[in-house]
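One structure is given here, and the rest of the page talks about it.
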Amino acid sequence: HGVHVVSSKNYTYIPIALIEQAATLNGPGDALAGAVIAQLSPHNLSHDTLVNAVKQFGLPAAQAVLDNRSAAPRLEPVNA
């Protein structure tokens with residue numbers, strides 16, 4: 001139904017379009033989280049920065065996985 005961004009004192013609801021058909025449901029949440037975290041790393045963690053990262057990077061990354069334009073993020077085993 002949308003994305004709820006909650007920080008210590010703020011709340012923002014970001015509506016998303018209804019998904020009629022998805023190529024896959026495996027990984028869009030991981031893509032959203034990864035894109036947001038990658039964007040936040042060098043910045044402060046203000047609520048506005050978090051909301052912007054979700055809107056500008058997380059949701060497009062999740063949509064790309066849903067549309068099969070991008071592979072779902074995955075962990076590769078590390079050979080010791």
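Computed from a predicted structure; not experimentally measured.
- When every heavy atom of Val65 is checked against every heavy atom of Ala71, the shortest pair comes out as CG2-O, 3.8 Å.
- Following chains of ILVMFWY side-chain contacts shorter than 4.5 Å, one can reach Leu50 starting from Leu59, so the two form part of one hydrophobic cluster.
- Both Leu32 and Val51 sit in one connected hydrophobic cluster of ILVMFWY residues. Membership requires side-chain heavy atoms under 4.5 Å apart, directly or through other members.
- To the nearest 0.5 Å, atoms NZ (Lys55) and OG1 (Thr12) are separated by 7.0 Å.
- Hydrophobic cluster membership is shared by Val6 and Tyr13, with clusters built from Ile, Leu, Val, Met, Phe, Trp and Tyr side chains linked at under 4.5 angstrom.
- Here the CD1 atom belonging to Ile16 is positioned 10.0 Å from the CD1 atom belonging to Ile14, to the nearest 0.5 angstrom.
- A search for side-chain contact (heavy atoms from CB on, under 4.5 Å) contacts involving Asn10 returns Ser7, His47, not counting sequence neighbours.
- Here the shortest heavy-atom pairing between Ala62 and Pro28 reads CB-O, 3.3 Å.
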